[in-house]
Number of protein chains: 2
Amino acid sequence: MLKGRPREFDVDAALDKALHVFWKHGYEGSSLADLTEAMGINRPSLYAAFGNKEELFRRALNRYLDKGPGAAKREALEEPTARAAVERLLKCVATLLTDPCNPRGCLSVQGALTCGEASESIKQELNRRRSEGEQALRQRLERAKVEGDLAPDADPAALARFISTITQGMSVQAAGGASREDLFRVADMALRAWPG
Amino acid sequence: MLKGRPREFDVDAALDKALHVFWKHGYEGSSLADLTEAMGINRPSLYAAFGNKEELFRRALNRYLDKGPGAAKREALEEPTARAAVERLLKCVATLLTDPCNPRGCLSVQGALTCGEASESIKQELNRRRSEGEQALRQRLERAKVEGDLAPDADPAALARFISTITQGMSVQAAGGASREDLFRVADMALRAWPG
DNA sequence: CTATATCGATACCAATCGGTACATATATAG
DNA sequence: CTATATATGTACCGATTGGTATCGATATAG
């Protein structure tokens with residue numbers, strides 16, 4: 001057993017609360033006052049448990065990617081064919097982006113698309129994470145090419161970039177108020193561009 | 001002639017400087033210190049000429065939409081056919097988003113996708129402006145349907161939303177470092193979804 | 001000339017920003 | 001019990017935020 005006074009709040013629950021704040025208002029748009037209020041803890045507890053605002057954001061982002069929308073997107077890629085994987089990915093993203101339980105849009109897109117100089121490293125981390133998602137999709141498409149369920153003349157990198165562009169655009173659309181049905185139609189139109 | 005001491009700076013030139021700052025760092029990410037330094041004027045002059053930060057942003061946004069990228073996008077829609085208009089629009093956007101003279105990305109997408117409560121009205125204004133752009137495209141497609149150069153079973157609203165989603169996704173891609181050629185390939189793939 | 005009106009520079013405002021010092025409370029280890 | 005270690009709450013820090021009061025300088029109107 002650990003020594004000292006035990007903390008009185010649940011770290012993961014508090015992290016989920018922080019995630020929702022960052023998700024809705026972005027990194028710079030979320031103040032320490034907003035965060036501590038939503039998390040139900042006071043400032044020194046936050047700093048003791050999470051280090052600082054930047055580390056808190058990174059931990060919230062990891063949670064978002066590991067157990068939240070990120071996990072659902074990875075699962076989509078496990079469909080047996082590339083076409084099915086992409087279709088499920090697009091439908092999945094459309095659904096997640098318009099989940100009434102969550103803020104509209106995607107944290108890794110809206111978290112810090114622009115920011116002041118002080119938050120540049122957060123912006124770059126989000127760029128990196130989005131790029132990683134795109135590369136995972138590219139690899140799935142390359143595998144599909146080897147397995148023969150993607151046309152031999154298809155360009156996995158270009159296709160992955162195209163699909164990523166769609167999902168990122170959907171995030172902007174969702175933030176602007178687009179409905180789930182709107183985004184489903186966008187997904188359908190995107191699939192018409194499928195090679196072969 | 002006007003009474004009083006004449007101002008020593010050019011309003012439009014200062015507005016362009018402010019536009020670049022907002023374009024690069026977004027509304028909240030741009031501080032008054034950043035703005036006055038870039039504009040080469042001091043704070044009271046800025047307030048005398050533009051009112052406050054919010055009005056300055058709106059004027060910069062108007063300039064962006066009237067005489068900057070917004071104008072180029074409107075021109076694209078004047079092509080004789082819907083297909084040509086959309087093709088030119090996508091190429092135009094890809095070019096604008098990666099113009100080495102300008103910040104990467106689109107002001108109306110990146111200006112305030114997320115923000116604190118204080119900037120909510122700016123966020124809503126940007127949502128409205130993006131929606132206006134989408135409606136202009138929809139109307140162009142409806143006209144095309146009447147003129148017979150768009151398939152009768154095509155859905156102008158859905159198509160306009162799809163194209164807007166692409167251009168907004170491109171903005172995110174550009175902010176993440178995508179090259180002009182990358183975005184051209186995205187435009188090409190999007191056009192494969194063209195109806196008919 | 002004087003009167004008026006606006007500009008620009010300094011210096012300042014209250015509020016908020018992210019982050020902490022410190023004292024107190026509460027647990028375990030011995 | 002005492003000693004130790006950690007958590008919590010208050011109250012605070014310097015820096016920065018958007019926004020102004022004030023004053024001297026510079027123009028036109030008469």
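Order of the sequence lines sets the chain letters (A, B, ...), proteins ahead of strands, with each chain counted from 1. These numbers were taken from a predicted model, which means no experiment stands behind them.
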Ignoring backbone atoms, test whether A:Asn42 places a side-chain nitrogen or oxygen under 4.0 Å from the OP1 or OP2 oxygen of D:dG9.
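Yes, such a contact exists.
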Presence of B:Ser31 side-chain N/O under 4.0 Å of D:dT17 phosphate oxygens OP1/OP2
yes
For atom [atom1] of [X] and atom [atom2] of [N], their distance in whole Å:
X	N	atom1	atom2	value
B:Arg43	D:dT16	CZ	P	12 Å
B:His25	D:dT17	NE2	P	12 Å
B:Asp34	D:dG19	CG	P	14 Å
B:Leu46	D:dT20	CG	P	12 Å

Quick one: does [X]'s side chain get under 4.5 Å of [Y]'s, heavy atoms only?
X	Y	value
B:Arg7	B:Ser45	no
B:Thr165	A:Met189	no
B:Asp182	B:Thr98	no
B:Asn62	B:Arg129	yes
B:Arg104	A:Thr114	no

Partner of A:Leu183 by side-chain contact (heavy atoms from CB on, under 4.5 Å), out of A:Thr167, A:Thr95, A:Leu97:
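Only match with A:Leu183 under side-chain contact (heavy atoms from CB on, under 4.5 Å): A:Leu97.
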Under 3.5 Å, is there a donor on one side chain and an acceptor on the other for A:Gln110 and A:Ser171?
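There is such a pair between these side chains.
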Going by heavy atoms closer than 4.0 Å, what residues in residues 5-14 of chain A are next to DNA chain C?
A:Arg5, A:Pro6
Distance under 6.0 Å and angle within 45° of ring axis: B:Lys53 vs B:Tyr27:
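Yes; both conditions hold, so B:Lys53 lies above the ring face of B:Tyr27.
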Roughly how far, to the nearest 0.5 Å, is the CE atom of A:Met39 from the NZ atom of A:Lys17?
11.0 Å
For A:Ser119, answer base if it contacts any base atom (sugar-phosphate contacts may also be present), sugar-phosphate if it contacts only those atoms, and nothing otherwise; contact means non-hydrogen atoms under 4.0 Å.
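Nothing: the residue A:Ser119, judged by heavy atoms under 4.0 Å, touches no strand.
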With a non-hydrogen cut-off below 4.0 angstrom, is A:Thr36 in contact with a base, only sugar-phosphate, or nothing?
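Answer is nothing: A:Thr36 stays at 4.0 Å or more from every strand.
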What is the first contacted nucleotide of DNA chain C and what is the last, in 5' to 3' order, if contact means an atom lying under 4.0 angstrom from a heavy atom of chain A?
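So the contact region on DNA chain C extends C:dC17 to C:dA29.
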Here's a test of your reading of the structure: between A:Pro44 and B:Ser30, which maps to the more 5' nucleotide of DNA chain D?
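The answer here is A:Pro44.
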Map A:Gly40 and B:Leu32 onto DNA chain D by nearest heavy atom, then report which one ends up closer to the 5' terminus.
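The 5'-side residue here is A:Gly40.
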